[in-house]
Amino acid sequence: MDMKLMTIFTRTPLHVGAGSSVGAIDLPVIRERHTRFPVIPGASIKGVLADLWNNEKHERVEDGVELFGSTDSNAASAGNLLIGEGKLLAFPVRSAKGCFAWITCPLALNRFCRDKGVKMETPQIEQEKVFLSKATEIAFGGNVVFEEYNLAKQGDIEED
């Protein structure tokens with residue numbers, strides 16, 4: 001079985017609703033139960049890809065049925081394409097210097113490495129401190145301000 005990693009980068013807000021109301025919010029964001037991180041269900045991603053496939057002109061219609069399955073009530077099938085959840089890796093936050101910054105955490109980085117099958121050392125981050133990419137220009141001396149949080153710079157991350 002071949003496994004490929006797909007990157008989803010949104011330029012506008014993405015809201016995958018849970019479909020049920022829990023209080024004041026009409027459609028709460030679907031979240032992982034154990035981390036509370038936002039997640040995109042694999043079925044939603046597969047549905048979008050199937051819709052894109054069906055809107056294109058393809059020589060063999062049966063290729064789409066083989067990949068995505070059939071919704072025909074007489075011969076319903078699941079298809080051969082298996083898609084996992086869309087998991088969060090980095091998240092944009094407002095920065096006092098520059099417009100915004102992409103942030104992540106050791107948990108998200110470790111999970112990404114595990115899913116991709118690579119080894120990477122994640123730094124131990126002290127409370128209220130951050131590591132920055134050497135290419136970034138969002139620090140005021142030794143501090144970074146994200147939203148209303150003033151964090152001290154702990155070190156730099158080496159980039160390949």
From OG1 (T104) to CZ (F112), nearest 0.5 Å: 10.0 Å
Pairwise side-chain contact, I138 with L132, heavy-atom cut-off 4.5 Å (strictly under): yes
Over 12 foreign heavy atoms within 6.0 Å of NZ, K116: no
Separation between CG of D156 and CZ of F131, rounded to the nearest 0.5 Å: 8.5 Å
Polar side-chain atom of E126 near backbone of Q154 as donor-acceptor pair, under 3.5 Å: no
Joint hydrophobic cluster, F140 plus L151, side-chain heavy atoms closer than 4.5 Å: no
Heavy atoms of other groups near E148 CD, more than 12 under 6.0 Å: yes
Test item: K46 side-chain N/O and L81 main-chain N/O as donor-acceptor pair under 3.5 Å: yes
CD (Q124) with more than 12 external heavy atoms under 6.0 Å: no
Taking every non-hydrogen atom, the tightest pair across A139 and K97: O-NZ, 3.4 Å
Same cluster (ILVMFWY, side-chain, under 4.5 Å), W102 and V130: no
R114, CZ: over 12 other non-hydrogen atoms inside 6.0 angstrom: yes
Hphob cluster co-occupancy, L88 + F146, side-chain heavy atoms under 4.5 angstrom: yes
Within one Ile-Leu-Val-Met-Phe-Trp-Tyr cluster: I40 and L89, side-chain cutoff 4.5 Å: no
Beyond-backbone contact of M6 with I45, side-chain heavy atoms, under 4.5 angstrom: yes
Donor-acceptor contact present, side-chain S70 to main-chain V65, <3.5 Å: no
M3 CE to L82 CG distance, which is reported to the nearest 0.5 Å: 12.0 Å
Separation between CG of L107 and OG1 of T35, rounded to the nearest 0.5 Å: 6.5 Å
Donor-acceptor under 3.5 Å (D51 side chain, G47 main chain): no
Geometric cation-pi criterion K87 and F37, 6.0 Å radius, 45° cone: no
Cluster overlap V39 with L109, hydrophobic side-chain contacts below 4.5 Å: no
Spatial distance of atom SG (C105) from atom CZ (R111) [nearest 0.5 Å]: 8.5 Å
Side-chain heavy atoms of I125 within contact of P106, under 4.5 Å: yes
